[in-house]
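First comes the structure, then the notes that go with it.
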Amino acid sequence: MRYAVSDNIQLAEYLDFDVVVVGTGLAGLYTALHIDPVYSCCILTKERLDLSNSWLAQGGIAAAISDDDAPHYHQEDTFIAGAGLCNPEAVSVLVDEGPADIQTLVSMGVPFDLDELGELRITREGGHRRHRVVHAGGDATGKETVMALSARLPQQENVTLMDRAFLVDILLDETGATCGALIHTQGAYRIIRTRHLVIATGGIGQVYAASTNPEVATGDGIAAALRAGVTLQNMEFVQFHPTGLWSRDASGQIFLVSEAVRGEGAVLRNRAGARFMESQHELKDLAPRDIVARAIVREMESNDDTHVYLDIRTRSRNFLANRFPTIYQTCLDQGLDMSRDLIPVCPVQHYLIGGIVTDLMAQTNIPGLYACGEAAATGVHGANRLASNSMLECLVFGRRAALQINEALQIAPPGPPPAYVPPIPRRAAYTIDEPALRYRLQRTMSAHCGVVRSEAGLLEAKAEIAAIRRELEQGFDDRRIYIELLNIVTVAESIVAAALARKESVGSHYRKD
């Protein structure tokens with residue numbers, strides 16, 4: 001379907017902005033703050049500023065800023081983690097420009113953790129051969145960064161924040177260029193007319209039964225862009241974080257135990273207490289995420305276990321409570337003292353590596369449509385994302401998107417495009433059992449398109465998802481949960497199709513057949 005809606009929706013009003021940014025994670029905020037103040041910018045958040053993958057990011061931001069590091073070392077580690085499938089030009093942009101964006105965040109008031117000399121405290125995570133990860137609030141880097149940037153929005157008189165605004169569809173004019181967006185907010189549908197639309201909608205965690213992502217991560221931007229005719233790439237590369245905090249009810253949003261814990265000395269152990277990563281990779285417990293996740297799955301299967309253990313009992317309670325305040329308290333709430341107890345962990349869906357194809361300036365194949373952050377496929381991650389490169393990608397390509405838009409608006413004077421309501425087909429009113437259908441889809445994806453895959457399982461998933469789509473297309477349910485489920489199905493179809501097409505195992509895509 002070209003549109004998620006039926007033509008009997010009631011349009012409340014038209015709004016006009018020079019630029020519209022969809023998403024208030026790090027990519028969206030950083031983009032909006034770099035739009036020239038002479039141009040009007042509307043930034044949409046689906047719910048609240050504290051509901052995003054960026055807000056939940058714990059580990060930090062990777063950049064070659066220490067004396068013993070350099071961009072080319074960062075580039076090497078990124079390529080190794082990405083299994084050689086990274087875009088060399090995109091990685092060069094990321095590692096070369098990243099350090100300057102860290103300094104920009106410092107100037108914007110992000111309270112990075114400092115050492116005893118007042119310099120940025122730098123740590124190490126999986127896949128990095130040098131210390132290059134800066135962090136804030138111990139293990140609350142995303143929260144502290146989003147809070148600092150969002151605090152600057154009121155100072156930007158050209159930026160309007162619209163909360164509880166849900167992107168429904170992207171509108172194109174007769175030439176195929178962006179002319180606006182159909183959104184749902186305050187109980188009504190509205191059209192925002194704009195020539196420059198940025199998709200920064202984050203992840204797709206709700207495609208799976210268990211994810212570190214919040215409940216709003218339903219792939220809305222990717223699905224709307226696909227309906228508009230955008231090109232997607234590398235959708236089979238879904239990253240599963242090795243260390244989600246295990247619980248008996250392993251579904252819904254799972255708490256993440258940051259990779260930085262292993263960076264500070266934690267090791268993985270099986271039920272018998274044996275370390276099993278030492279024979280898996282030269283970096284042992286700090287191997288790239290895909291390698292660690294598969295090793296855990298093998299360990300669980302061989303011992304018929306539901307989880308393994310993370311052991312950081314070599315560190316003191318005082319150190320852990322100060323370095324990882326969020327993780328430490330969450331474990332305490334589960335009856336676990338990190339300084340004395342093993343932490344039960346298992347792999348959990350965490351990040352979409354693929355997404356909307358963009359060039360080095362965040363432009364898509366549709367004129368006026370841009371993408372950055374997790375929703376974009378810039379090529380920097382290859383087949384497996386290196387830890388803490390995600391927030392850096394948000395900064396570098398969010399800024400580049402804004403610069404490109406500023407240049408475009410200088411060339412073509414700003415002004416709303418003509419009022420244009422595309423022909424939308426009518427569909428009969430229809431009420432779905434959304435929870436049941438969502439449950440079916442999530443269980444299907446978790447069973448057949450997880451850490452380890454096979455053609456037989458993927459074909460079963462394809463058939464089940466097609467059956468769910470047929471139910472959805474019987475009519476139109478004028479509730480957000482319907483459009484969200486349609487988006488989840490659209491993203492799931494793309495992941496499964498890409499996973500079937502790629503026969504070899506590489507990075508986060510592993511075919512046991």
Side-chain angles (χ1 to χ4, degrees), residues 53 57-66 69-99 122-135 203 212 233-243 256 258-263 266 268 277 280-297 347-355 373-374 376-397 451-452 502 504-510:
N53 283 347
Q58 296 174 352
I61 310 174
I65 59 175
S66 63
D69 201 2
H72 71 271
Y73 293 136
H74 190 183
Q75 184 169 20
E76 288 175 1
D77 289 348
T78 299
F79 263 92
I80 292 170
L85 296 188
C86 306
N87 178 338
E89 292 181 327
V91 177
S92 293
V93 167
L94 181 81
V95 301
D96 290 341
E97 299 183 7
I122 305 172
T123 188
R124 182 182 170 203
E125 294 185 12
H128 293 275
R129 296 165 191 268
R130 283 172 167 76
H131 286 66
R132 65 168 64 98
V133 180
V134 296
H135 50 84
T212 62
Q233 187 178 62
N234 293 340
M235 293 294 288
E236 69 273 29
F237 296 133
V238 179
Q239 188 172 77
F240 289 80
H241 199 287
T243 54
L256 176 69
S258 171
E259 198 152 336
V261 177
R262 279 177 284 138
L268 288 160
M277 284 305 303
Q280 301 293 325
H281 192 272
E282 61 175 310
L283 294 179
K284 302 177 183 178
D285 297 273
L286 283 174
R289 289 177 177 175
D290 63 313
I291 293 171
V292 180
R294 287 196 297 274
I296 291 174
V297 169
V348 61
Q349 192 282 331
H350 180 57
Y351 188 88
L352 177 66
I353 293 168
E374 188 172 352
T378 60
V380 297
H381 304 310
N384 179 56
R385 176 173 67 82
L386 181 65
S388 290
N389 268 359
S390 56
M391 293 184 74
L392 189 68
E393 181 191 27
C394 291
L395 299 173
V396 171
F397 291 95
V451 176
V452 178
R502 189 177 291 276
E504 76 275 18
S505 294
V506 59
S508 57
H509 172 67
Y510 187 81

Check: Do the side chain of H509 and the main chain of R502 share a donor and acceptor less than 3.5 angstrom apart?
Finding: yes
Note to self: Test your reading of the model: is there a side-chain donor-acceptor pair from H128 to the backbone of A387, 3.5 Å cut-off?
What the structure shows: yes
Next item on the list: Please report the closest heavy-atom contact between A90 and G379, naming both atoms and the distance.
Entry: CB-C, 4.4 Å
Notebook entry, point to check: Are a donor atom and an acceptor atom from the side chains of S508 and R289 found within less than 3.5 Å of each other?
Noted result: no
Item checked: Heavy-atom side-chain contact between V261 and T243 under 4.5 Å -> no
Check: What's the spacing between L386 CG and E76 CD if we round to 0.5 Å?
Finding: 12.0 Å
Next item on the list: Among residues two or more places apart or on two chains, list those pairs meeting side-chain hydrogen bond (donor to acceptor under 3.5 Å, both in side chains) that have a residue in residues 79-95.
Entry: Q75-S92
Check: By side chain to side chain donor-acceptor pair (under 3.5 Å), which residues pair with H135, not counting sequence neighbours?
Finding: D113
Notebook entry, point to check: Within the side chain of E393, is there an N or O that forms a donor-acceptor pair under 3.5 Å with the backbone of V380?
Noted result: no
Note to self: The criterion is side chain to side chain donor-acceptor pair (under 3.5 Å); which residues satisfy it with T78, sequence neighbours excluded?
What the structure shows: N389
Next item on the list: For residues V297 and P347, report the shortest heavy-atom separation together with the two atoms involved.
Entry: CG2-CG, 4.1 Å
Check: Taking all atoms of both residues into account, what is the closest heavy-atom pair of C86 and V91, and its distance?
Finding: CB-CG2, 3.6 Å
Notebook entry, point to check: Between NE2 of H131 and CD1 of I122, what distance do you get to the nearest 0.5 Å?
Noted result: 9.0 Å
Check: If you measure from CG on L94 to CG on L395, what distance do you get to the nearest 0.5 Å?
Finding: 9.5 Å
Notebook entry, point to check: Atom CD of Q233 and atom OG1 of T378: how far apart are they, to the nearest 0.5 Å?
Noted result: 9.5 Å
Check: So which heavy atom on P71 is nearest to which on V95, and how close?
Finding: O-CG2, 3.6 Å
Next item on the list: Could I get the full list of side chain to side chain donor-acceptor pair (under 3.5 Å) partners for S505, not counting sequence neighbours?
Entry: none
Next item on the list: With sequence neighbours excluded, tell me which residues meet side chain to side chain donor-acceptor pair (under 3.5 Å) with R130.
Entry: none
Next item on the list: Report the distance from atom NE2 of H72 to atom CG of D96, rounding to the nearest 0.5 Å.
Entry: 11.0 Å
Next item on the list: Would you please test E374 and R385 for salt bridge (Lys or Arg N to Asp or Glu O under 4.0 Å) and show each step?
Entry: CA-CA 11 Å; E374 188 172 352; R385 176 173 67 82; over 6 Å; no
Margin query: Classify the ring geometry of H381 against Y351: parallel below 30°, tilted from 30° to 60°, perpendicular beyond 60°.
Written below: perpendicular
Next item on the list: Could you grab the distance from atom CZ of F79 to atom CG of L85, nearest 0.5 Å is fine?
Entry: 9.5 Å
Note to self: With a 3.5 Å distance limit and no angle check, can you tell me whether E125 reaches the backbone of E259 through a side-chain donor-acceptor pair?
What the structure shows: no
Next item on the list: Give the minimum heavy-atom separation between V506 and A83, together with the two atoms involved.
Entry: CG2-CB, 3.6 Å
Next item on the list: Assess whether salt bridge (Lys or Arg N to Asp or Glu O under 4.0 Å) is satisfied between R262 and D285, documenting all intermediate values.
Entry: CA-CA 7 Å; R262 279 177 284 138; D285 297 273; over 6 Å; no
Note to self: The criterion is side chain to side chain contact (heavy atoms under 4.5 Å, CB included); which residues satisfy it with Q280, sequence neighbours excluded?
What the structure shows: M277, A295, R298
Check: Do you know which two heavy atoms are closest between A64 and P99, and how far apart they sit?
Finding: O-CG, 3.7 Å
Checklist line | Short side-chain donor-acceptor distance under 3.5 Å, D290 and Q239 | finding: no
